[in-house]
Amino acid sequence: MPTLHIEHGVTSFTEWKTAFDRFADFRAQAGVRRHSVRRPVDDANYVVIDLDFDTTEGAQAFLEALRERVWPSRENAPALVGAPQTRILETVEGNEA
């Protein structure tokens, strides 16, 4: 299962999370199967997001939509700091307890 991995700074986690939650339907329609949001324990203004897709093409298409329609807009990404760092990852091995 391909994962779109995103990391970036935010000015306010609360403001960022509110905007993230507004895009739940957008993520579902784009084929996001599951997501996780994490923060470093020593930096409340940094987020790490993993979005799982059925296909690499789906992850790539969603990344392009983020780059073109979401991240450039102050309204859509009000707390974003700088350019997000992204990678599309393929799971080689996993263990679910």
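What you see is a predicted model, and the numbers here were worked out from it, not measured in a lab.
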(message) Within this structure, what is the CE-CG distance for the pair Met1 and Asp52, rounded to the nearest 0.5 Å?
(response) 5.5 Å
(request) Please report the C-alpha distance between Thr86 and Leu66 in whole Å, then the side-chain angles of each, then the deciding distance to 0.1 Å, and finally whether the side-chain contact (heavy atoms from CB on, under 4.5 Å) criterion is met. (result) CA-CA 11 Å; Thr86 64; Leu66 290 173; over 6 Å; no
(request) Treating Ile, Leu, Val, Met, Phe, Trp and Tyr as nodes and any side-chain heavy-atom pair under 4.5 angstrom as an edge, say whether Val47 and Ile88 lie in one connected cluster. (result) yes
(request) Determine the minimum heavy-atom distance between Glu7 and Tyr46, stating which atoms define it. (result) OE1-OH, 2.9 Å
(request) Would you check if Val70 and Phe26 make a side-chain contact, meaning some heavy-atom pair closer than 4.5 Å? (result) yes
(message) Ignoring hydrogens, what is the shortest heavy-atom contact between Leu51 and His35? Give both atom names and the distance.
(response) CD2-CB, 3.5 Å
(request) Is it possible for you to say whether Phe53 and Val48 belong to one hydrophobic cluster, with membership spreading through side-chain heavy-atom contacts below 4.5 Å? (result) no
(request) Taking salt bridge (charged side-chain N to carboxylate O under 4.0 Å, His left out) as the test, write out the residues that go with Asp50, two or more places apart. (result) Arg38
(message) The criterion is side chain to side chain donor-acceptor pair (under 3.5 Å); which residues satisfy it with Thr56, sequence neighbours excluded?
(response) none
(message) Within the 4.5 Å heavy-atom criterion, are Gln85 and Ile6 side-chain neighbours or not?
(response) no
(message) Minimum heavy-atom separation for Arg39 and Ala44, please, with both atom names.
(response) NH1-O, 3.3 Å
(request) Taking all heavy atoms of Thr11 and all of Pro78, pick out the closest pair and write down the distance. (result) OG1-O, 4.5 Å
(request) Supply the atom-to-atom distance Ser36 OG to Ile49 CD1, rounded to the nearest 0.5 angstrom. (result) 8.5 Å
(message) Checking His8 against Leu80 for the side-chain contact (heavy atoms from CB on, under 4.5 Å) test, could you report, in this order, the C-alpha distance in whole Å, the side-chain angles of both residues, the deciding distance, and whether it holds?
(response) CA-CA 7 Å; His8 60 81; Leu80 184 66; 3.1 Å; yes
(message) Quick check: closest heavy atoms across Val10 and Val81, and the distance to 0.1 Å?
(response) C-CG2, 3.6 Å
Identify every side-chain donor-acceptor pair in residues 16-23 under 3.5 Å, counting partners at least two apart or on other chains, and give the distances.
{"unit_1": "Lys17", "atom_1": "NZ", "unit_2": "Asp21", "atom_2": "OD1", "d": "2.6"}
{"unit_1": "Lys17", "atom_1": "NZ", "unit_2": "Asp21", "atom_2": "OD2", "d": "3.1"}
{"unit_1": "Thr18", "atom_1": "OG1", "unit_2": "Thr14", "atom_2": "O", "d": "3.0"}
{"unit_1": "Arg22", "atom_1": "NH2", "unit_2": "Glu75", "atom_2": "O", "d": "3.2"}

(message) For the CG atom of Leu4 and the CD atom of Gln60, what is their distance to the nearest 0.5 Å?
(response) 10.0 Å
